[in-house]
Amino acid sequence: MTMTSSEQSTVKVVTNRERLAGVVQAVGRRPADIERRRWESLAVFAFFAVAYSIIGYYLVVEMHVVGFETLDRFNRGLMIFYNDPAKLSAIGFDYPPLSVILSAPFAVIPALTRSMVVIPIASAVFAGLVMMFVNTMMRRAQVALPLRLAVLATLGLNPLVVMYASNGGRIFLWMAFVVTALGALFAWYVTADVRFVMIAGLAYSVAVLAGYGSLMWFVLSAVMVAAILARLGADGNEVEGTSVGFAAPTVYVLALWCLFNWLLLGSPIAWLTDSSDTAASGGNPDLSFGEVVSGTLDLLIYGAPIAIVALPALIFAGIARRNGFALWLGVMLLFSIVGPAVTVLLNLTDSPLQMSAALPMLLVSAIGAIWLARSAVGGGTIVALVLAVGLGLSIPWTFAHMDDFENQGLERAFHDAIATGDSQEGATTIDGSVVGVGAEQDMGDYIRENISDQNAVLTDNAQTYAVMLFTGQPDLFFDRVRQGDGVWADAADDPAGADVSYLLLSTDTSEDLLSQRYPDAAVGSDGSLETVHSNERYTLVRVPTDYTYDPAAAGTSDVGGTDAPNDLTEPEAADPDATLEGQEGFEGGYNGLVGESGSAVVTEEDTSAGEDTTTDGTDGTDGTDGTSTDGTQDGSSDATTTDGTTDGTTDSGTDSTTTDSGTTP
């Protein structure tokens, strides 16, 4: 059908300018913005990344202030590159996937990984990004250079920032992208450039798979974008288009991750219900509502005291002065304060109100204060000065309370390492856990120096990952990731038939599936399996070529190895005088070992007397309850750690999870 001449005359071509005439944002054009200073941004990033790496070397390598969650992630990185065969399945599903993937490149050189040199570099790089974006936000807020440097210095020296930026923990991995997104939204509100909304959406798509806690920030930001556009008079199409563009990347990656979980684990939300933050959660029944409120106030007062001033100031500016972005920053700060309490009340964490939860409060408070400095116009200098002074005063305040804060992980170890200059190997945390990685390094060094055949050491990597890390050679181990749990279980039932030469066992048999099959060997009392090396937490035994597994002789009740060892009695009190290997009185991982909770222990003296004995789970160090060197309980799936995660396993070879702070009761 053809149009008549009269119909053709009514056709009107709408220009791009006319089409965008009613749009409140800058689309297709670059609005006025601050001058780009790439060298300044690079200098800020490099300075803090290098500074935190140096501090981290001191803390991690020399002082041994490192979390077992960190060791687990770096071991998975090694397994991605160097296991036999190398498999991406080492990433697992218990951690947010990008928290492992983003750490993996730092583990590409095994020698640097097993020496722990690269561990602080990983967190330092992302902390440097945070400081770089904070500086850019201050530039957009028109804060003068001297004040910018003062704020950067006082924020960067905050003890919580220093600790988590330099110990390899994963909190800065996801907070870096959350701060990137907030910085982009900051720029969007200043310039009205819609590109910044899209940048924020992309940043959140990375953040949510690096740390599930960033989902809260994403949802609040999505609502904020739509609400601000509506308030500015944008029509429905603009609000819808901008909101969809912002949310699409994050929704897509979450949908993809749900699909993977559904296909492989049978539940699309397994990443949420079975994650390291919730897997062992029992709802914290010992905490009343009043205790949760009190714990939240402690976090606020001792961890992020500037939030006490920043929150009401943001809310007041948002309502009284109709400052939309200030109001929404106040809402985000409020949610960051109450969020840890909500996770406790909703049974979403097994590590309630840990001091690390104050770090997001601190960062959002600083960003909120920077926005207030911009909004104050003539008074911006005063606001920035108050921020710098407040951050400076909080440094000794927070540092002092890291020594005695009730809910913490490695904060006291960090405090003591800085205050005394002494190594924290063997130090005790507030909850009685033991700090350090001596046993893991000892066993790792022995295996690396004496074993060279691939797949020669059968082990439950979900419990012995730290030893694997310190060898720097995951291909030496026949682990659960290698061929899956089925093949591994067959090898555990017939190690000689699987052509393995050694078994690496945890002395704690409560969760180590291999130790459950060989509880006597785990403590060095199996006459058929010669102990070649041991310490307070691990035993390495040699498998004879003609060895045949006998469940009854091994002390287990079932070939599957999932039941506890037979004839275990109620644990007795630990020997408070037990000492570490190499010290007077220490008997090693066999021939009289004092094992960990759940281990059947038979000393030579008791054997001759015909009596079976058990222990209370001490590892031979100060009578503590079998905790691993960083405070995590090696092999315990229900050991609580500090960032809401657990040191334990499910029935897969990679499901050993701990936390950034890595201490357990």
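Note that the structure is a prediction, hence the values are computed from the model and not measured.
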(message) Using side-chain contact (heavy atoms from CB on, under 4.5 Å), reason through Leu88 and Ile80 one step at a time and then give a plain yes or no.
(response) CA-CA 5 Å; Leu88 284 175; Ile80 290 173; 4.0 Å; yes
(message) Ile101 vs Ile91, test: side-chain contact (heavy atoms from CB on, under 4.5 Å). Steps then yes/no.
(response) CA-CA 7 Å; Ile101 294 173; Ile91 295 170; 3.6 Å; yes
(message) Go through it in stages, so that I can follow the logic: the residues are Leu540 and Ile451, the test is side-chain contact (heavy atoms from CB on, under 4.5 Å), and I'd like the CA-CA distance, side-chain angles, deciding distance and then a yes or no.
(response) CA-CA 11 Å; Leu540 182 69; Ile451 300 175; 4.1 Å; yes
(message) Under the criterion side-chain contact (heavy atoms from CB on, under 4.5 Å), I'd like the reasoning laid out for His64 against Met116: C-alpha separation, chi angles, the key distance, then a yes or no.
(response) CA-CA 10 Å; His64 288 186; Met116 299 194 294; 4.2 Å; yes
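Rounding to the nearest 0.5 angstrom, the gap separating the CD atom in Glu530 from the CZ atom in Arg542 is 5.0 Å. Taking CG from Asn461 and CG from Asp512, the interatomic distance works out to 10.0 Å, rounded to the nearest 0.5 Å. The CG atom of Leu359 sits 4.5 Å away from atom CD1 of Ile171, with the distance rounded to the nearest 0.5 Å. Rounded to the nearest 0.5 Å, atoms OH (Tyr518) and OG (Ser528) are 10.5 Å apart. If you take CZ on Phe74 and CD on Glu69, they are separated by 9.5 Å, rounding to the nearest 0.5 Å. Note that CG of Asp479 is 11.5 Å distant from CG of Leu514, once rounded to the nearest 0.5 Å.
Side chain of Tyr164 to main chain of Ser123: no donor-acceptor pair is present (N/O by atom type, distance under 3.5 Å, no hydrogens or angles). Here the side chain of Tyr82 pairs a donor or acceptor atom with the backbone of Val108 at under 3.5 angstrom. In this structure, the side chain of Gln454 does not engage the main chain of Leu476 through any donor-acceptor pair within 3.5 Å. Side chain of Glu62 to backbone of Tyr57: no donor-acceptor contact under 3.5 angstrom is found. In this structure, Asp460 contributes its side chain and Leu513 its backbone to a donor-acceptor pair below 3.5 Å. Remark: the backbone N or O of Ser506 is paired with a side-chain donor or acceptor of Ser515 at under 3.5 angstrom. Although no hydrogens or angles enter the test, the distance criterion places a donor-acceptor pair under 3.5 Å between the side chain of Asn261 and the main chain of Trp257. Looking at Tyr58, its side chain does come within 3.5 Å of a backbone N or O of Ala417 through a donor-acceptor pair.
Between Met63 and Asp422, the shortest heavy-atom distance links the atoms SD-O, 3.0 Å. Smallest separation of non-hydrogen atoms from Tyr212 and Pro97: OH-CD, 3.7 Å. Among all heavy-atom pairs drawn from Glu440 and Ala466, the shortest one is CG-CB, 3.4 Å. Nearest heavy-atom pair across Ser166 and Val60 is O-CG2, 3.7 Å. Scanning all heavy atoms of the two residues, the minimum distance from Gly444 to Thr471 falls at O-CG2, 3.4 Å. Taking all atoms of both residues into account, the shortest heavy-atom contact from Pro120 to Gly56 is CB-CA, 3.4 Å.
No side-chain heavy atom of Val523 sits under 4.5 Å from any side-chain heavy atom of Thr539. Under the 4.5 Å side-chain criterion, counting only non-hydrogen atoms from C-beta, Leu505 is in contact with Val541. At a threshold of 4.5 Å between non-hydrogen side-chain atoms, the residues Leu209 and Pro96 do not count as touching. For the pair Asn535/Met443, a side-chain contact is recorded, criterion being any heavy-atom separation below 4.5 Å from C-beta on. Annotation: side chain of Leu503 is in contact with side chain of Pro495 (closest heavy-atom distance under 4.5 Å). When side chains are defined from C-beta on, Met402 counts as touching Met355, because their heavy atoms get closer than 4.5 Å. Contact of the Val467 side chain with the Ile447 side chain is registered, since non-hydrogen atoms from C-beta on lie closer than 4.5 Å. The shortest distance between side-chain heavy atoms of Val65 and Leu410 falls below 4.5 Å.
The neighbour count for Ile418 CD1, taken as heavy atoms of other residues, nucleotides or ligands under 6.0 Å away, is above 12. Other residues, nucleotides and ligands place no more than 12 heavy atoms under 6.0 Å from the CD atom of Glu406.
Pairs engaging residues 102-114 under the side chain to side chain donor-acceptor pair (under 3.5 Å) rule: Arg73-Ser103 [sequence neighbours left out]. Evaluation of the salt bridge (charged side-chain N to carboxylate O under 4.0 Å, His left out) test over residues 445-454, restricted to residues two or more places apart or in two chains, returns Asp445-Arg448. The ring pair (Phe, Tyr, Trp, His ring centres under 6.0 Å) analysis of residues 408-458, with sequence neighbours excluded, yields the pairs Phe399-His415, Tyr446-His533. Applying the ring pair (Phe, Tyr, Trp, His ring centres under 6.0 Å) definition to pairs two or more places apart or across chains, none involves residues 96-117. The ring pair (Phe, Tyr, Trp, His ring centres under 6.0 Å) contacts involving residues 473-503 comprise nothing, where partners must be two or more places apart or lie in separate chains.
Inspection of the Ser510 and Asp508 side chains reveals an N or O donor paired with an N or O acceptor under 3.5 Å.
With sequence neighbours left out, Asp416 forms a side chain to side chain contact (heavy atoms under 4.5 Å, CB included) with Asp403, Arg412, Gln424.
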